[in-house]
Engineer: 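This is the structure I have questions about; it appears just below.
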Amino acid sequence: MALPSLLLATIMLLSSSKIAFTQEQPHCADIDCHYKLRPVGAKHTSDYALYLENNEGTPMSFFHDVPLQPSENVFNMVVEIPRWDNAKLETTKEVVMNPIKHDKNKDGSLRYVPNLFPINGYPANYGMIPKTWEDSYVLTKSTGTYGDNDPIDVLELGCEVGFAGQIKQVKVLGGLILVDEDQTDWKIFTIDVRDPLASSMNDLEDIESHYPGFVDLVKNWFTVYKIPSTGKPNTLGFDGKCIGKEEATKKVYEMHEYWKRLINGTIAEEDTKGIQRFTTTTVGSPYQVGPSSPQVKSVPKANPQPYTKPGVAVEKWAFLPAEWSFLEKAKSDDEV
Ligand SMILES: *[C@@H]1O[C@H](CO)[C@@H](O)[C@H](O)[C@H]1NC(C)=O
């Protein structure tokens with residue numbers, strides 16, 4: 001009886017696309033459970049917010065409260081978008097205590113990064129280094145652009161697919177400078193210290209030996225990934241040259257100094273473009289608030305809700321016009 005089973009299969013397929021998922025968010029944000037996650041609302045809705053808290057349940061800011069370095073030569077990274085995911089989740093600057101939320105398009109819809117053939121979503125775990133800030137009044141001379149007003153962006157190349165809100169301990173390997181919508185936007189390459197390859201990845205050239213072609217692919221992916229939405233490519237600074245571990249590490253420390261000016265009140269309110277600076281751990285900061293402050297009290301209680309996946313819009317491939325076939329472009333760039 002082929003027909004009924006086919007029908008059944010179709011019905012199952014249709015109904016499975018409407019399945020409600022429960023929040024699969026792990027409780028602990030890092031492997032040692034120094035921090036916990038506080039999910040609020042349903043993923044894939046504009047209300048969704050993922051807060052961070054300490055073990056006593058006091059909210060913390062991913063941006064201002066997670067230490068830059070848990071130990072020497074190791075940095076913390078806040079994962080916002082797991083590898084191969086499309087939902088553009090990011091640490092909010094303008095919401096009190098800076099939860100991770102869905103970024104939105106100009107029309108108010110939630111933002112999903114396309115599956116730019118042949119890559120599904122983001123090519124690596126993606127996020128930021130806490131306590132860093134690309135000051136939007138600091139000029140990058142080589143590109144003539146100013147900072148993008150965000151914490152510094154990170155790609156983590158380890159094999160583990162992370163989760164939003166995860167705090168990974170990473171080694172810095174290198175970086176590249178992207179000019180994205182006329183702003184300086186550093187991307188730092190890192191690897192999780194627990195990754196099996198971590199001990200043999202120490203600098204930029206180690207990425208090429210263990211992940212041949214990866215750096216070129218990422219460079220080109222960042223150049224073209226906004227073409228499906230904006231129609232315009234981004235450009236790379238330094239003629240697309242990457243920087244190595246030493247320079248990238250210096251860059252992170254430089255961004256940490258800018259963050260210090262932000263959190264110690266040197267930066268005037270009007271120059272922050274709406275950044276919420278409340279912190280529960282930065283001793284001496286004019287923005288430090290306690291567990292019973294109105295700011296901390298305003299953080300919603302944990303309230304994870306079932307969610308549905310966004311469906312076909314996120315599952316389809318996006319193809320670039322032939323002249324932007326970035327795998328080809330990666331080759332021709334090398335010849336230049
Ligand atoms: C704020 O931090 C910056 C960067 O470290 C430093 O130069 C400045 O002296 C600090 N200002 C205050 C008021 O602490």
Side-chain angles (χ1 to χ4, degrees), residues 34-35 52 54 58-78 80 90-99 127-154 167-180 183-190 237 243-291 293-296:
H34 290 118
Y35 319 95
L52 187 69
N54 68 12
T58 303
M60 297 171 73
S61 158
F62 286 107
F63 190 0
H64 307 307
D65 288 318
V66 178
L68 176 76
Q69 293 193 274
S71 57
E72 213 184 326
N73 299 322
V74 177
F75 290 85
N76 277 318
M77 167 198 183
V78 174
E80 297 169 319
E90 64 179 8
T91 307
T92 53
K93 290 170 292 190
E94 64 290 343
V95 181
V96 171
M97 298 315 291
N98 316 103
M128 58 84 169
I129 297 184
K131 300 199 183 202
T132 62
W133 181 48
E134 291 207 41
D135 187 332
S136 61
Y137 288 88
V138 170
L139 174 71
T140 307
K141 286 201 192 89
S142 63
T143 57
T145 51
Y146 292 87
D148 72 352
N149 205 36
D150 278 337
I152 198 163
D153 294 329
V154 182
I167 298 169
K168 275 180 176 284
Q169 280 72 62
V170 299
K171 283 164 70 169
V172 168
L173 304 173
L176 62 83
I177 181 167
L178 184 73
V179 178
D180 189 338
Q183 292 176 320
T184 309
D185 195 6
W186 282 93
K187 307 288 178 195
I188 303 296
F189 299 126
T190 67
I243 55 172
K245 175 215 182 93
E246 200 180 313
E247 265 190 274
T249 305
K250 269 195 212 146
K251 208 25 92 179
V252 174
Y253 286 134
E254 182 188 331
M255 301 294 165
H256 180 54
E257 287 303 310
Y258 299 149
W259 172 82
K260 280 190 199 162
R261 297 199 305 212
L262 183 69
I263 208 71
N264 75 13
T266 304
I267 306 288
E269 200 64 47
E270 61 270 24
D271 293 339
T272 68
K273 303 186 177 157
I275 294 178
Q276 292 290 352
R277 293 185 262 194
F278 296 111
T279 165
T280 50
T281 63
T282 314
V283 178
S285 165
Y287 311 101
Q288 192 186 9
V289 288
S293 63
Q295 291 81 13
V296 166

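Bear in mind the structure is a predicted one, so any value in this text is a computation, not a measurement. Values reported hereafter were calculated over all heavy atoms of this structure, with side chains retained and with hydrogens, waters and symmetry mates removed. Here, residue 1 is the first one in the sequence, and each next residue gets the next number. Ligands are counted one by one from 1 in listed order, and the atoms in each one are counted from 1 as well.
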Engineer: May I ask you to check whether over 12 heavy atoms, not counting those of Glu94, lie within 6.0 Å of atom CD?
Structural biologist: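 Counting other residues, nucleotides and ligands, CD of Glu94 exceeds 12 neighbours.
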Engineer: Is there a donor-acceptor contact under 3.5 Å from the side chain of Thr279 to the main chain of Thr282?
Structural biologist: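 Answer holds: yes.
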Engineer: Has the side chain of His64 got a donor or acceptor atom that lies under 3.5 Å from a matching backbone atom of Phe278?
Structural biologist: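 Flag not set: sc His64 to bb Phe278 has no pair under 3.5 Å.
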Engineer: Could you walk me through whether Asp148 and Asp180 pass the side chain to side chain contact (heavy atoms under 4.5 Å, CB included) test, one step at a time?
Structural biologist: CA-CA 8 Å; Asp148 72 352; Asp180 189 338; over 6 Å; no
Engineer: Please identify which atoms of ligand 1 are closer than 4.0 Å to at least one heavy atom of Thr266.
Structural biologist: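 What qualifies from ligand 1 is 1 (C), 11 (N).
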Engineer: Nearest protein heavy atom to atom 4 (C) of ligand 1, by residue and atom, and its distance?
Structural biologist: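 For atom 4 (C) of ligand 1, the nearest protein heavy atom is Glu257 OE1, 3.3 Å.
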Engineer: Nearest to atom 11 (N) of ligand 1 by heavy atom, Asn264, Ile263, Ile267: which?
Structural biologist: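 Closest candidate by heavy-atom distance is Asn264.
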